[in-house]
Amino acid sequence: MASISSLNQIPCRTLQITSQYSKPTSKISTLPISSTNFPSKTELHRAISVKEFTNPKPKFTAQATNYDKEDEWGPEVEKIRPGGVAVVDEEPPKEPSEIELLKKQLADSFYGTNRGLSASSETRAEIVELITQLESKNPNPAPTEALTLLNGKWILAYTSFSGLFPLLSRGNLPLVRVEEISQTIDSESFTVQNSVLFAGPLATTSISTNAKFEVRSPKRVQIKFEEGIIGTPQLTDSIVLPENVEFLGQKIDLSPFKGLITSVQDTASSVAKSISSQPPIKFPISNNNAQSWLLTTYLDDELRISRGDAGSVFVLIKEGSPLLKP
C-alpha cells in the first residue's frame with residue numbers, strides 16, 4: 001500500500017469548470033497533496049459548488065419598477081395586470097370631515113338672509129345650532145395664540161348684531177346696495193379695519209374705521225377705534241340702468257331716464273378720474289363708545305366665529321374661500 005508520502009509525488013492537474021452561458025467560473029490549480037494541505041469535505045464543497053455542474057435553463061422574470069416622480073423614464077407604475085397593461089392606482093376621494101360638513105351646512109344656511117337681516121326665526125335657530133356645534137369642535141381653542149390665522153381680509157356672512165340692521169336695510173333703497181362688509185386684520189401691527197362698501201349705478205364708495213387691538217385672554221381681544229375714513233367715490237365709466245326698481249311696493253319704470261343717463265355718461269366719465277384721485281376723508285374717533293371687546297369662539301384658516309360684548313354673533317369667511325361661493 002502506498003504511503004501518504006508517496007502520494008506527494010502525484011501531480012494534480014488543473015480543473016476548470018465552465019457554464020454553458022458564462023465564462024469559466026472556478027479553477028483548481030495544480031497543488032501537491034500532503035497531510036497538511038489536503039482539503040476537507042467542507043472546503044471541497046466551498047470550492048466546487050454543485051450548481052456549477054448543473055445546467056439549468058435560464059429564467060426570465062418581468063418586474064414592474066416604481067420610478068421616482070422626477071424620473072425621466074416615466075411615471076410611477078403600481079401594478080401590472082396579467083395581460084401586460086400597466087395600472088396606476090388612484091387614491092379614493094377623501095371623505096369630508098365632520099367639521100367640513102358643518103361649515104358647508106352653515107354657509108348654505110346663509111343663503112337669502114342678507115347677512116342675517118332677512119333670516120326667519122326657523123333659519124336663525126338652525127344657524128345657532130350649527131354655530132354651537134362648530135364652537136364645541138374648535139380646532140384652535142386659544143385663537144389669540146394663533147394670530148397668523150387671524151391675518152387677512154374676512155367677509156361678514158352673517159350677524160345677529162341689531163346695530164348693523166339699519167345699515168343692511170339701506171340695501172333695500174332703490175339703486176343703492178351694501179356690496180360688502182369686511183374686516184381686515186394685521187396681527188403684526190395689531191390693527192383692525194372694518195369696512196362697508198356701497199355700490200350704485202353711478203359710483204361705489206366705502207366707509208371704514210381703523211382700530212388697534214390688545215390681547216386680553218386666549219380668546220378675547222380689546223378693540224379701540226381711532227379714526228373713521230370716508231372713501232372717495234369711484235365713478236363708473238359705464239352706467240347701467242335697470243329697467244325698473246321697486247320702491248315701497250311699487251315698480252317704477254326707469255326707461256324714460258335712459259336718454260338723460262346717456263347724455264350725462266360722457267360727463268361722468270370725464271370727471272371720474274379727477275374725483276377718484278382725491279384722498280379719502282379721515283376723522284378721529286374719541287368718544288366713550290370707541291372701545292369694545294371681541295371673543296373668538298371658532299377659528300380655522302377659512303372660518304371665524306366671534307361674539308361681541310352685547311351677546312351678538314358674527315360669522316366671517318376668509319376672502320377667497322370656497323365657502324363664499326353660493
Side-chain angles (χ1 to χ4, degrees), residues 96-140 143 146-173 176-187 192-199 204 206-209 211 213 219-221 223 292-326:
S97 65
E98 184 180 0
I99 289 181
E100 290 173 336
L101 291 175
L102 287 172
K103 291 195 298 184
K104 183 64 168 60
Q105 293 176 23
L106 181 63
D108 290 343
S109 66
F110 298 151
Y111 180 77
T113 65
N114 189 18
R115 304 175 185 86
L117 175 66
S118 306
S120 63
S121 57
E122 293 81 7
T123 301
R124 291 182 186 277
E126 178 187 354
I127 291 173
V128 169
E129 176 62 26
L130 291 170
I131 288 175
T132 303
Q133 293 185 52
L134 281 169
E135 288 175 334
S136 67
K137 304 178 185 302
N138 185 9
N140 294 284
L147 290 179
T148 54
L149 286 177
L150 290 171
N151 279 334
K153 184 177 180 180
W154 297 85
I155 310 299
L156 180 68
Y158 176 86
T159 183
S160 63
F161 180 46
S162 59
L164 277 180
F165 289 164
L167 176 64
L168 296 175
S169 65
R170 293 180 181 275
N172 297 327
L173 296 176
V176 178
R177 69 180 185 277
V178 177
E179 184 77 9
E180 180 183 89
I181 300 177
S182 64
Q183 185 177 71
T184 303
I185 298 177
D186 186 344
S187 63
V192 179
Q193 183 181 72
N194 297 328
S195 181
V196 181
L197 179 65
F198 296 96
T204 60
S206 63
I207 299 177
S208 306
T209 57
F213 72 89
K219 292 185 178 181
R220 177 177 167 178
V221 296
I223 299 176
S292 66
W293 58 263
L294 205 62
L295 192 70
T296 300
T297 56
Y298 180 91
L299 177 66
D300 62 21
D301 58 352
E302 63 176 355
L303 181 69
R304 177 160 62 95
I305 300 174
S306 300
R307 295 183 179 271
D309 49 8
S312 51
V313 64
F314 302 86
V315 180
L316 302 101
I317 300 174
K318 181 69 75 69
E319 184 181 39
S321 169
L323 293 176
L324 287 173
K325 298 179 180 179

Working for side chain to side chain contact (heavy atoms under 4.5 Å, CB included), residues Tyr298 and Val315: CA-CA 9 Å; Tyr298 180 91; Val315 180; over 6 Å; no
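- Across every non-hydrogen atom of Arg124 and Gly116, the tightest pair is NH2-O, 2.7 Å.
- Taking all atoms of both residues into account, the shortest heavy-atom contact from Ser109 to Thr123 is O-CG2, 3.7 Å.
- Within the 4.5 Å cutoff, no side-chain heavy atoms of Lys318 are placed close to those of Asp301.
- In this structure, the side chains of Leu130 and Leu134 stay at 4.5 Å or more apart for every pair of heavy atoms.
- Atom-to-atom distance recorded for Glu180:CD and Ile155:CD1 is 3.5 Å, nearest 0.5 angstrom.
- Note that CD of Glu126 and CD1 of Ile131 are 11.0 Å apart. Values are rounded to the nearest 0.5 Å.
- In this structure, Pro322 and Glu302 have side chains that are in contact, with non-hydrogen atoms separated by less than 4.5 Å.
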Go through the steps to decide whether Thr184 and Glu319 satisfy the test side chain to side chain contact (heavy atoms under 4.5 Å, CB included), and finish with yes or no. CA-CA 10 Å; Thr184 303; Glu319 184 181 39; over 6 Å; no
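- Judged by distance alone, with hydrogens and angles left aside, the side-chain atoms of Thr159 form a donor-acceptor pair with the main-chain N or O of Val313 at under 3.5 Å.
- Distance check, rounded to the nearest 0.5 Å: NZ of Lys219 to CG of Leu295 gives 6.5 Å.
- Counting only distance, with no hydrogens or angles, the side chain of Ser187 and the backbone of Asn151 share no donor-acceptor pair below 3.5 Å.
- Of all heavy-atom pairs spanning Val178 and Ile181, the tightest one is CG1-CG1, 3.8 Å.
- The aromatic rings of Tyr158 and Phe110 lie parallel to each other, with less than 30° between the two planes, well short of the 60° mark.
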Determine whether Thr297 and Glu135 satisfy the following criterion, side chain to side chain donor-acceptor pair (under 3.5 Å), listing intermediate values before the conclusion. CA-CA 6 Å; Thr297 56; Glu135 288 175 334; 2.6 Å; yes
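- Between the CD1 atom of Ile305 and the CD1 atom of Ile317 there is a distance of 10.0 Å, given to the nearest 0.5 Å.
- Scanning all heavy atoms of the two residues, the minimum distance from Leu299 to Trp154 falls at CD1-CH2, 4.1 Å.
- Interatomic distance, CG of Leu156 versus OG of Ser306, reported as 10.5 Å (0.5 Å rounding).
- Heavy-atom minimum distance, Ser160 versus Ser312: OG-CA, 3.5 Å.
- Side-chain atoms of Gln133 and Leu106, non-hydrogen and from C-beta on, never get closer than 4.5 Å to each other.
- In this structure, Leu149 and Asn140 approach most closely via the heavy-atom pair CD1-ND2, 3.4 Å.
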Begin with the C-alpha distance, continue with both residues' side-chain angles, and end with the deciding distance and a verdict on side chain to side chain contact (heavy atoms under 4.5 Å, CB included) for Thr204 and Glu179. CA-CA 9 Å; Thr204 60; Glu179 184 77 9; over 6 Å; no
Check the pair Phe213 / Ile185 against side chain to side chain contact (heavy atoms under 4.5 Å, CB included), numbers first and verdict last. CA-CA 10 Å; Phe213 72 89; Ile185 298 177; 4.1 Å; yes
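- Atoms CD and CG, from Gln183 and Asn194 in turn, are 4.5 Å apart once rounded to the nearest 0.5 Å.
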